[in-house]
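Note that ligands are numbered from 1 as they come in the structure, with each ligand's atoms numbered from 1 the same way. Count residues from 1 along the sequence. FYI, side chains are in, hydrogens and waters are out, and symmetry mates aren't considered; it's all heavy atoms of this structure.
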Amino acid sequence: MQTISTYDFAGKKALIRVDFNVPLNDNFEITDDTRIRAAIPTIKKIIEKGGSPIIMSHFGRPKSGPEDKFSMRHLVKHFSNLLGVDVKLAPDCIGEEVKAMAKALKPGEVLLLENLRFHKEEEKGDVEFSRQLAENGDCWVNDAFGTAHRAHASTAVMAQFFPNDKMFGYLIEGEIESLDKVLKNPTRPMTAIMGGAKVSSKITIIENMLDKVDNLIIGGGMTYTFVKANGGKIGNSICEDDYLEMALAIQKKAAEKGVKLYIATDVVAADDFSPEANTQPAPANNIPDGWQGLDAGPETIATFKNVIENSGTILWNGPVGVFEFDKFAVGSRAVAEAIAAATKKGAFSLIGGGDSVACINKFELADQVSYISTAGGALLEYLEGRVLPGVAAVLGE
Ligand code: AMP
């Protein structure tokens, strides 16, 4: 398989699928350029190796056809500044004029194609559209992990036109390498911390994790579905009654597989879902009427910490309390700190999903964990054990 390192880019036009779907304010200024910054190493490397990068991305949600609001022209200046190259903008992403612009590129020159989603064929994964996109370049580099779970023209379908000239960019390469360290070959013991509000949104991941982990910590709002399923009294705590059976099935499966399951034994109960709520400690299975569990209690935190700090590999997806309210961020902070401590001792830690990433940033521990994945849907699907079309397309699966 080709990689950015092995491929000879000299004199080649490299079509690079990136994720430049950045937020803009009302003045069309970029308010968070993380995604553009993240793509720079791949683009720079290709320039360094004598190639001409042709950048393609979706941007916003244009309804039907071109819309100035979603034009890539809003990104050109900032992108050029970050890259240190004057990026040219194509009027479209396919067609004769674009093809001619691409062809005329000299090594080191960079062309940004207009928004892929100005053509509805992009999201449909249309083969003819993919072919026209492919005509603009000599090779295809997929560096958009955030859209790797979509079988769109630019993210997967166009791979067929580059059977020997396709590869991952550094961003996807890094994501997959880190995820595989956790999912395929973890240093044991391996611990997954699954938090967040609902069992329903995490159930497939939890089931997939049962085949891989030694320890499974279930925290956050999910706790109460499990506690209720076991006959506990949960007051007003969040609960999915449709998932009580499922919770028991997970417990049974965990026991069968020898996975140690950790669920809160004590909680911080609140009289309201609010940052100013009154609180009291409560056993997880005996929460007073009218009160709801919003954070893990001290005994639970001590248990979670001990498990995490003695792990060789850690995956964290979802907070163990309502971390957005400082009063109920104690458990999530303790989890983040324990992950940092384990990482310091040599464990590999991966933080994934918007809320856990927000947590780790809030507690200023981002530089003390091994890897932070920012890919929302694609990450969740990968953790569920699904094959991502954008990954399979490069691997030739
Ligand atoms: P999810 O989107 O499913 O990962 O859920 C993340 C959200 O779960 C965060 O916004 C947390 O505030 C919330 N959450 C965590 N613990 C609880 C809880 N005990 N009760 C209600 N919501 C919670």
Side-chain angles (χ1 to χ4, degrees), residues 192-209 216-230 232-244 246-247 250 262-301 304 315-336 339 350-363 372-384:
I193 306 136
M194 304 296 304
K198 292 181 169 171
V199 182
S200 52
S201 60
K202 298 280 163 79
I203 188 70
T204 321
I205 301 180
I206 293 175
E207 286 188 322
N208 193 33
M209 285 301 135
L216 178 61
I217 293 177
I218 295 209
M222 282 195 277
T223 307
Y224 308 97
T225 302
F226 281 84
V227 172
K228 186 169 175 182
N230 287 287
K233 191 171 157 265
I234 60 166
N236 277 355
S237 306
I238 187 172
C239 178
E240 288 171 288
D241 285 327
D242 293 350
Y243 281 81
L244 298 175
M246 187 66 91
I250 288 171
Y262 297 90
I263 298 170
T265 48
D266 64 337
V267 302
V268 178
D271 61 356
D272 189 16
F273 187 89
S274 130
E276 283 91 34
N278 295 307
T279 64
Q280 63 168 302
N285 62 2
N286 196 12
I287 298 174
D289 289 338
W291 292 67
Q292 56 186 304
L294 293 187
D295 199 3
E299 182 184 275
T300 303
I301 289 175
F304 287 3
L315 168 73
W316 185 22
N317 177 256
V320 301
V322 183
F323 78 101
E324 296 94 334
F325 304 157
D326 285 344
K327 236 182 200 177
F328 306 107
V330 178
S332 297
R333 178 188 288 274
V335 165
I339 294 174
L350 191 147
I351 319 299
D355 288 311
S356 321
V357 176
C359 266
I360 212 87
N361 286 331
K362 177 172 171 149
F363 306 135
I372 295 183
S373 172
T374 48
L379 172 81
L380 297 183
E381 289 198 14
Y382 205 77
L383 295 178
E384 284 175 356

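- Across all non-hydrogen atoms, the minimal contact from Ile360 to Trp316 is CD1-CZ3, 4.0 Å.
- An N or O contact shorter than 3.5 Å links Glu324 to ligand 1 by distance.
- Ligand 1 has no nitrogen or oxygen under 3.5 angstrom from a nitrogen or oxygen of Val320.
- Closest approach of Gly321 and Asp295 over heavy atoms only: CA-OD1, 3.9 Å.
- Contacts between Asp355 and ligand 1, counted as non-hydrogen atom pairs separated by less than 4.0 Å, involve the side chain only.
- Side-chain polar atoms of Glu240 and Thr225 form no donor-acceptor pair below 3.5 angstrom.
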* To do: Begin from the C-alpha positions of Phe325 and Phe273 and carry the test ring pair (Phe, Tyr, Trp, His ring centres under 6.0 Å) through to its verdict.
  => CA-CA 9 Å; Phe325 304 157; Phe273 187 89; 5.4 Å; yes
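- If you check which protein heavy atom lies closest to atom 1 (P) of ligand 1, you get Ala197 N, 3.7 Å.
- Polar contact check, Gly221 against ligand 1: a nitrogen or oxygen pair lies under 3.5 Å apart.
- Residues Ala264 and Val267 come closest through the heavy atom pair CB-CG1, 4.2 Å.
- Only the side chain of Lys202 comes within 4.0 Å of ligand 1, counting heavy atoms alone; its backbone N, CA, C and O stay farther away.
- The pair Lys362-Asp355 does not count as a salt bridge, with every side-chain nitrogen at least 4.0 angstrom from each carboxylate oxygen.
- In Tyr224, the part holding a heavy atom less than 4.0 Å from any atom of ligand 1 is the side chain.
- Within the structure, ligand 1 has Gly293 among the residues with a heavy atom less than 4.0 angstrom away.
- The minimum heavy-atom distance linking Ile287 with Ala269 is given by the pair CG2-CB, 4.2 Å.
- If you look at Val322 next to ligand 1, the close heavy atoms, those under 4.0 Å, come from the backbone and the side chain alike.
- Each of the following atoms of ligand 1 lies closer than 4.0 Å to a heavy atom of Gly196: 1 (P), 3 (O), 4 (O), 5 (O), 6 (C), 8 (O).
- Considering only non-hydrogen protein atoms, atom 15 (C) of ligand 1 sits nearest to Gly321 O, 3.2 Å.
- Checking only distances, Gly195 never comes within under 3.5 Å of ligand 1, N or O to N or O.
- Judged by distance alone, the side chains of Ser356 and Asn317 never bring a donor and an acceptor atom under 3.5 Å apart.
- Listed by number with element, the atoms of ligand 1 under 4.0 Å from a non-hydrogen atom of Ile238 are 20 (N), 21 (C).
- Between Lys228 and Asp241 there is a salt bridge, with a side-chain nitrogen of the basic residue lying less than 4.0 Å from a carboxylate oxygen of the acidic one.
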